[in-house]
Amino acid sequence: MTELVLYNTRTRTKERFEPIEPGHARVYSCGPTVYAPQHLGNLRAYLMADLLRRALEAEGLRVTHVVNITDVGHLVSDADTGEDKLEKAAAASGRSASEIADEYTEQWRRDLRRVNCLEATVYCKATEHIAEQIALARTLEAKGYTYRIDDGIYFDTSKFPRYAEFAHLDLGGQEAGARIGDVPGKRHGADFALWKFAPPGVKRQQEWDSPWGRGFPGWHLECSAMSTKYLGAPFDVHTGGVDHVAVHHTNEIAQSECALDIHPWVRFWLHNEFYDFGGEKMSKSKGNLLVLEDLVDRGFDPLAFRFFFLQGHYRQQQSFTLEAMEAAATGHRRLLSAALEVRGAPGEAAPDEIAVHRERFCQAVRDDLNAPRALAVAFEVARSADLGRAARRALLLEFDRFLGLDLATALPRVAASGGDPRIDALVAEREAARKRRDFADADRIRDLLAGEGIAIEDTPAGPRWRRG
RNA sequence: GGCGGCGUAGCCAAGUGGUAAGGCAUGGGACUGCAAAUCCCUGACCCCCGGUUCGAAUCCGGGCGCCGCCUCCA
């Protein structure tokens, strides 16, 4: 048994994690729909998955991590009506759907790298798995779970008795108006499209032939088809945002369990809560989204955002404000300084000296990925006067395998000299002025450099400078 | 209307029965020619009212407030 305990949406309890296949954890994460920039809120889902990944590896498990990229079929409305998000974005920009998908996929991948998310084992695109999706739909059809209407092939949710179970749905009690825009002919409000026909007279950029006619796959199908392809079934963990519980994941489960005759199809379901951006909700459709690049433009280190993420538990809503972001950036910078300070510390740490702290850190990680608690331990270690430098070095480097804050690799922000001859000369000149107690001249040079964004730090060992 | 979550110091937040982690900010101090950086010290009647209990931020009931999903979104 591992020591890792995770909150499982399926059972609504914390459960001890044990992989189905000994020594190997198989994880699927719902990835982005690449029709628009991925904003800070989106990033939280992947940061959470990254934490899971690191925690599993810390338990000594090999992890196969599959992340999908939705580049077709996700409609503006989840009620199977409205336009395809990619097609809509393409029409609005005059570019092709694939160009748009490529652009935002690249932006997303770059942002993941910048916040130190580990590379997934497989990134898979919906458009590259059309055959698998059709095969899955055909299986469902052969088993009698589908019906055909003018609009497409639909999954009949009434044929799956456990449909409401996962999300604790009260299908009868849901607001009548919620599904008003429904497709004519759907038998039940919750029924969903497996395959959508291309609208008559409309030439879509993305459409394929199928046994039922030309069209495109329903959004939910890709996750069932691709996870099965790359992970087999059943598998261990499926992650995503809380918004997916009621519709997307519920439908994935219905498709997969019916097609594969498996229950439960996935052992653990992890869902991250949303960030609260205060007041007007940040969303793609409102056009007020904040992306990682915006933070970089404001002078933030991308990893300061990871630090912000770590300060809250993934299952709680967290308030994002620029003030909180500044606080996180300062905290991150100081933790880096502390790590840098002890990085070259010689000698070995005494095992019993570090055992208690290691244990506290691991307990936090193992308790449903409690990053804020783990981070607190890291700070206590970093600032502990009782611990030797070698012990602090060893612990912080070990902790960073989970935190991912670059404690081991961040470059020194402070250079004693050698970085820039002109600046070194000016610093030396100021030091000379100070020696002769010509503080007016010394301050003039300091102000000059400050104007270039260079700060001088006077230390017992002499002056040094840094940028920023 | 249905489902779910939250309300802990100025801010971001851990903590789910035994008298409140951590980060940021504030104030004080050390250091400095003065600063900066760093370090030390500094702060909570845990939304309100009842109840259970020897004991509750933590459990139960009732309020008030905020948020999310079902309806673009992680």
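Chain naming here is simple, since letters A, B, ... match the order of the sequence lines and numbering starts at 1 in each. Note that this is a predicted model, so its numbers are computed, not measured.
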Output every pair passing salt bridge (charged side-chain N to carboxylate O under 4.0 Å, His left out) with a member in residues 312-332 of chain A, not counting sequence neighbours, ordered by first then second residue. A/Arg315-A/Asp368
Pair listing, side chain to side chain donor-acceptor pair (under 3.5 Å) test, anchored in residues 293-302 of chain A, at least two apart: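 For residues 293-302 of chain A: A/Arg114-A/Glu293.
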Under the side-chain contact (heavy atoms from CB on, under 4.5 Å) test, residues paired with [X] that sit two or more places apart:
X	result
A/Ala55	A/Leu4, A/Val365, A/Leu369, A/Phe402
A/Asp243	A/Phe274
A/Ala97	A/Leu86, A/Ala90, A/Gln205, A/Gln206
A/Val377	A/Arg360, A/Phe361, A/Val381, A/Phe399

Identify all pairs in which a protein N or O lies below 3.5 Å from an N or O of nucleotides 14-18 of chain B, and state each distance.
from	atom 1	to	atom 2	distance (Å)
B/A14	OP1	A/His313	N	3.0
B/A14	O3'	A/Asn370	ND2	3.2
B/G15	OP1	A/Asn370	ND2	2.9

Which residues within residues 109-127 of chain A lie with some heavy atom under 4.0 Å of an atom in RNA chain B?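 Going residue by residue through residues 109-127 of chain A, none turns out to have a heavy atom under 4.0 Å of RNA chain B.
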Among residues 380-402 of chain A, which contact RNA chain B at a heavy-atom distance under 4.0 Å?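 Of all residues in residues 380-402 of chain A, the ones placing a heavy atom under 4.0 Å from RNA chain B are A/Glu380, A/Arg383.
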Hits for ring pair (Phe, Tyr, Trp, His ring centres under 6.0 Å) against A/Phe155, two or more places apart or cross-chain, chain-then-number order -> A/Tyr145, A/Phe192
Applying salt bridge (Lys or Arg N to Asp or Glu O under 4.0 Å), can you list everything that pairs with A/Arg444, at least two apart in sequence or on another chain?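 Salt bridge (Lys or Arg N to Asp or Glu O under 4.0 Å) list for A/Arg444, sorted by chain: A/Glu429, A/Asp441.
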With sequence neighbours excluded, residues passing side chain to side chain donor-acceptor pair (under 3.5 Å) with A/Arg401: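 Partners of A/Arg401 by the side chain to side chain donor-acceptor pair (under 3.5 Å) criterion come out as none, since no residue qualifies.
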